[in-house]
Undergrad: 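Here's a structure for you.
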Amino acid sequence: MGEDLAFWWGYLTNGKHLQWYASFRFTIMAALFGGVLALTFGLLGAMALRSRFAVLRGIGTVYVSMVRGIPDVLFFLFFPLAFEQGVEWFVSMSVCGPDSTPNAGWPPCREANWLLSTPEYLTLACVSLGIIYGAFTANVINGAMRAVPRGQLEAARAFGMSDMQVLTRIHIRQMWIYALPGLSNVWMLLIKATSLLSLLQIADIVWWAGQLGSPNFLPQAGLVHGDWRWAYFIALFVFYILVTLLSERVFRRLTAWARRGMPVEA
Amino acid sequence: MDALLAIWSEIPRYGQPALFNLYFAIASLPIGFIFALGLALGRNSNNRVLRGLCSGYIYAFRGSPLFIQFFMFYSIMLALNPIWWRPMELSWLMMNPLFIGPLALVMNTAAYTAEILYGALRTVPRGELEAARAFGMSRTQVFRTVTWPNTIRIAWPAYTNEVVFLFHATALVYFTLPVINAQRDIMNTAQLMFERDYNAFLHFSVAAIWFLAISLLIFFIFGRIYERLMRHLPPDQVPARPRLRFRPKYIR
Amino acid sequence: QDVLRIGTEGAYAPWNFINDAGELAGFEIDLGNAICEHTGMSCQFVQSEWDPIIPNLVAGNYDVIMAGMSITEERLASINFTQDYFPPDPSKYIVITGTELDFDNLSGARIGVQSSTIQAGYVQENFAADNTVVEFATFDQSIADLAAGNVDVVLADGSSLEPVVANSGGALEFIGEDVLVGGGVGGGVRKEDTALLATLDEALDALKADGTVDALIAKWYDGAGPFYAE
Amino acid sequence: MAHILELTDLHKSFGELEVLKGVSISARPGDVVTLIGSSGSGKSTLLRCINMLEVPTRGNVTIDGETVALSAEGFGRHPTDADQLRRIRSELGMVFQSFNLWSHMTILENVMEAPLRVQKRNPAEIRTQALELLEKVGISAKADAFPAQLSGGQQQRAAIARALCINPKIMLFDEPTSALDPELEVEVLRVIKMLADEGRTMILVTHDMKFAREVSDKVVFLHLGKIEEEGTVDEVFGATKSDRLRQFLSAAGHA
Amino acid sequence: MAHILELTDLHKSFGELEVLKGVSISARPGDVVTLIGSSGSGKSTLLRCINMLEVPTRGNVTIDGETVALSAEGFGRHPTDADQLRRIRSELGMVFQSFNLWSHMTILENVMEAPLRVQKRNPAEIRTQALELLEKVGISAKADAFPAQLSGGQQQRAAIARALCINPKIMLFDEPTSALDPELEVEVLRVIKMLADEGRTMILVTHDMKFAREVSDKVVFLHLGKIEEEGTVDEVFGATKSDRLRQFLSAAGHA
Ligand SMILES: Nc1ncnc2c1ncn2[C@@H]1O[C@H](COP(=O)(O)OP(=O)(O)OP(=O)(O)O)[C@@H](O)[C@H]1O
Ligand SMILES: Nc1ncnc2c1ncn2[C@@H]1O[C@H](COP(=O)(O)OP(=O)(O)OP(=O)(O)O)[C@@H](O)[C@H]1O
Ligand SMILES: [Mg+2]
Ligand SMILES: [Mg+2]
């Protein structure tokens, strides 16, 4: 019994597993930075949607509709790759010439090549997540702005507040209450989307789970075992459920705090 | 101009792969819906155990990434293969991506759809339910006469979104399951082509166009059905049509 | 050139893999380090998925592929190879012990391979018509599915399969005749990197001559060889 | 003449709150019994106990000599005979304050639904009766319209037709006009008056004292879950005994 | 005495619908002007035109001798001088039918907000005044509660305190009690009555004819966007000239 425990403890704390645990940092960073960016893009998008100028409204609408027409995975893959290629194209304009080393595929010459490794990919992944879920956030915030009862704004106007005062003192203050449930949902989406990091060559928790669970037959490579991936994926499944459960709790607290004294419905 | 031409000429290449995405969606939606209805009713029931089980299921599958659910299902099915499927001679079916894909999608969409239906069940006008009960209808009659027609109408816009997002989710299947006999979906094809010539703009755009087109088609068809469902309300009282709504709560 | 960036997969024991300590290890890792030591460059290993490993080389993410990659005509069309550092390695069929297969009239079987490998090409060519070809992203997955009975037979490099059969406790065995596809295993470099190719070839010549390569092969492949002793 | 409705010692609690504290009422065929009382006095609850939309925590309900079978007294009390319950309910036509027409069915379908599904009567016969009833309440032109296309008064009249179409022994009305604008109220009151004149048995909750005076055979004043005063119109309105009732009537603009 | 409010020939259309068709009203300091009329006659619209919540399509509004600057007549007409508009608005205390207290602020914060942000007065001084006003309307105990924690009547009294705290030249009331239960109505009417007795200038939309009689110096009967009849209480209620008004008054239960 004790030996078993010692064995499993040793197994679960070997170098491979430590790397797995360490790789959770990618997921957490992607969620946090992605979340901040999503909120930023969301506020910008909502401003565009509510703008007086038709052009801005058009841009906002296209941005917000984007996520409805195409899968988020597609965008998640496309944006970093496209961004990389865009940068390379930009660099190649000035760098590539007759002297440079030509290249068979992309970019046109090797000097223009931008080498992406984990930090860059992670940054781009955060931006991707920010853009995708920013569109959802924009929609949530826009809806919340509209959900603020007209009477509340009218009363402010009737007392002579300027448009800016109405916006900041009343409209945005009350908007959060209506936005929080929606934001909570977007946050859950974003957390779930962090599972896709491995698609961008990041050795994240999902990639390591696959590695650790794969069968091994070579004693030199470590413990010989069969296919254990199911156990690792179930662990991840449970991990994500716990994380969403926890965030939901936090959001519920936040909502309760934000709407203290407010009517219960809505 | 060249770019547009290139996109245009590449579009047909995704026709066959698109069939796979459509297959995954069509194979999982009806079963998922029936399963979801059971879950929603269970969650709405007075039986605490049943309610707990259904809520737990719905929470688990909405609270975790589909991407991981795919991996999990495949590896579990694989682990079960030597002890169950092979002895029962079911391997050919159980281990087929064309089965596991829809299986995972069914489990997943059932949870999301159940949440939608549950929300709708809760908003069925209480008065109409009471009226039905006051006239002596049995449980099943109340369900037929009031609960179901109201639920489906209330849920339809959100369900339309669920259908579209489930269709999008089919893009994940071949990121996670092995490819058999070069059967590839849109996303996998785009990925493969991209790895050949690194032309992200071309291949991913074409994939996006396919997804977009089919999404719009779904919105159109479901919008039509919605109009029919809502013909009992004067036009100005009909809630926003499906295409105008979207609720992140119901997206994976 | 001071830094030699070596692209490898990290999921193909004993060629290259991640050991329990969480580090890259294997024959090619040792060999790469020996090359670097010989040439005075410093080694940097870059992990890549198998499927896009050649495009990633061409795009410049690393300078040389050392990932148990056989030298084939098809690959030579897009990249160059160093001289082989492992002789032509027969591919082998592996099955669950007791499975009977008639390779002359094989039909209705599920054959597993790693995608984008020479074995995948071979199987597609010879068996695809009457059998189901299942392509996996990694070698490990193909073995996992074989052990679970999801595929009937896997075709892969003998050098990788040997330890699998040896350590499977009799659950898995070889079947049928070996298949010879592809040449030896060498390092892949971009076409235009002729100087690097020369450096690597020169280093391999030296390492073969002083017995380093044979020693490493013997270490990782259960005493195989020597192949390159004069 | 035997009683068609007998409520004996009804108690009803919601959690801690005891809303009905022992109410007994009886009605003979043809009686119009009006329940009055201030808001929260338990009128709706009493009415809903009659057809078991709320199950009384104590006491019994007897319709036309048949007592609704209930489990032992206390919380979680429930009807024990589902068939009996269904049958008795389909002898009680209930009209709600907020109409509660089934919004996805046409008016005609609304009226025909219960006779068709619950009483399983002949469709053609129901249809004839339904159209007659719609005629009677004055909205036969709207038979194929949906509820949302009707005014409140028309909806309430449709709801009355719906309740009548099951040929109920007793009609129950819970403030049938209080969700209506004054102009629309008139039409509905006229229909109810007509039913009273026809000699239907009705139990009616209302805030409209003038109307209560016109139609009632018997008036029951509920206060805090108890009957504070009951009697004929003349007894209750003419010779008010209790101070509470006097106060209530004066607040209702009817001194 | 000069007029403190003058509305000259106000017209207002919503798209095709012309709601006000040329209304002119004037009030002297201390006047209580009551607007009556059936639903949809344009009373609320008229009141909202005074503080430009609706911009009249034609005509002008003059407060204490200062005319609100508006752009050319027609659709899209708008105030041209934002500073003036803000100043004039902060001289008009508006009380809404549905209170419209800012739900995320306490009652005291609600009362202090406009003097603080718009009039930029001294916080300590405002605070003293706000507490006095809450005392005056009888809800000083609720200063730190949120609106949702108050009854409707208390909320409306808070809204009145809020309007008073900007020291308005004119108070505007749009059916201040019609969202309230009859019992709660009384408290609010008492407060308004008190203000009237103090000699405040008020424009009041109401459905309560009894109350209109009690407080008004001048009664204006609007019908289909026009003034059908106006005058003192005695003139309008006592010696009604127009048939329409007579009909309206009789429907309002006041023959
Ligand atoms: N389902 C319920 N749960 C808890 N309390 C209830 C419920 N239904 C009614 N009550 C309470 O019972 C009391 C009596 O309610 P009831 O609706 O019978 O009054 P009422 O006389 O019909 O009043 P009204 O004239 O306002 O309709 C009220 O205090 C109410 O809050
Ligand atoms: N913002 C608006 N857009 C379009 N029509 C409007 C708007 N506001 C009011 N109306 C219309 O103007 C007419 C007059 O409305 P108003 O609110 O002034 O009536 P009222 O006399 O206050 O009635 P009530 O007593 O019901 O409050 C109504 O027909 C109404 O539908
Ligand atoms: Mg009631
Ligand atoms: Mg009004």
Side-chain angles (χ1 to χ4, degrees), chain A residues 39 43 46 50-54 57 140-184 251-266, chain E residues 44 47-55 79 82-107 109-120 142 144-150 155 158-159 162-166 168 171-172 174 179:
Chain A
L39 196 56
L43 284 166
R50 303 180 56 79
S51 154
R52 241 174 302 180
F53 306 103
R57 272 203 310 276
V140 167
I141 291 180
N142 186 34
M145 294 289 276
R146 281 202 243 167
V148 174
R150 299 200 57 77
Q152 297 278 321
L153 308 179
E154 246 176 21
R157 252 178 266 129
F159 280 98
M161 289 197 195
S162 65
D163 288 352
M164 203 58 201
Q165 280 176 323
V166 175
L167 184 72
T168 57
R169 299 283 314 158
I170 312 289
H171 207 163
I172 292 188
R173 297 294 172 92
Q174 298 204 5
M175 176 272 285
W176 290 112
I177 294 148
Y178 301 93
L180 268 174
L183 291 181
S184 160
F251 264 98
R252 216 176 290 156
R253 285 265 172 91
L254 213 60
T255 315
W257 174 81
R259 76 159 53 145
R260 82 213 114 93
M262 298 277 291
V264 222
E265 81 276 337
Chain E
S44 298
L47 201 73
R48 292 160 60 83
C49 279
I50 297 177
N51 64 0
M52 296 290 144
L53 283 179
E54 306 288 359
V55 180
D83 284 334
Q84 186 211 35
L85 179 68
R86 227 170 296 151
R87 184 159 33 74
I88 289 185
R89 277 179 168 174
S90 85
E91 290 168 356
L92 299 171
M94 177 118 175
V95 176
F96 297 84
Q97 177 177 352
S98 46
F99 333 141
N100 291 346
L101 289 170
W102 296 306
S103 51
H104 61 297
M105 299 179 184
T106 63
I107 298 302
E109 284 166 356
N110 262 283
V111 176
M112 293 176 64
E113 181 74 7
L116 208 57
R117 308 279 162 197
V118 181
Q119 302 181 326
K120 306 214 176 348
K142 300 285 183 179
D144 293 320
F146 286 96
Q149 295 160 348
L150 270 58
Q155 285 190 53
R162 174 173 70 166
L164 288 172
C165 201
I166 58 173
M171 290 283 284
L172 309 174
D174 188 1

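Naming: A, B, ... by sequence-line order, numbering from 1 per chain.
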Undergrad: When rounded to the nearest 0.5 angstrom, what distance separates CD in A:Q174 from CE in E:M105?
TA: 8.0 Å

Undergrad: Checking E:R89 side chain against A:R157 main chain: does a donor-acceptor pair fall under 3.5 Å?
TA: yes

Undergrad: Taking E:L53's backbone N and O only, do any of them form a donor-acceptor pair with A:E154's side chain (distance below 3.5 Å, no angle check)?
TA: no

Undergrad: I need the residue from E:P168, E:A163, E:S98 with the largest number of non-hydrogen atom pairs under 4.5 Å to chain A.
TA: E:A163

Undergrad: In terms of heavy-atom pairs under 4.5 Å, which option from E:L92, E:L101, E:L85 contacts chain A the most?
TA: E:L101

Undergrad: By a 4.5 Å heavy-atom criterion (distance strictly below it), what part of E:A145 contacts chain A: side chain, backbone, both, or neither?
TA: neither

Undergrad: Which bit of E:R48 is near chain A, if near means a heavy-atom gap under 4.5 Å: side chain, backbone, both or neither?
TA: side chain

Undergrad: Side-chain contact, heavy-atom cut-off 4.5 Å: E:N100 with A:R150?
TA: no

Undergrad: If I take atom CH2 from residue A:W176 and atom NE2 from residue E:H104, how far apart are they, to the nearest 0.5 angstrom?
TA: 13.5 Å

Undergrad: Taking all atoms of both residues into account, what is the closest heavy-atom pair of A:A158 and E:F96, and its distance?
TA: CB-CZ, 4.0 Å

Undergrad: To the nearest 0.5 Å, what is the distance between CH2 on E:W102 and CZ on A:R173?
TA: 12.0 Å

Undergrad: Counting heavy-atom pairs under 4.5 Å with chain A, which one of E:R162, E:M94, E:E91, E:M52 comes out on top?
TA: E:R162

Undergrad: Is the count of non-hydrogen atoms from other residues, nucleotides or ligands lying under 6.0 Å from A:R146 atom CZ greater than 12?
TA: no

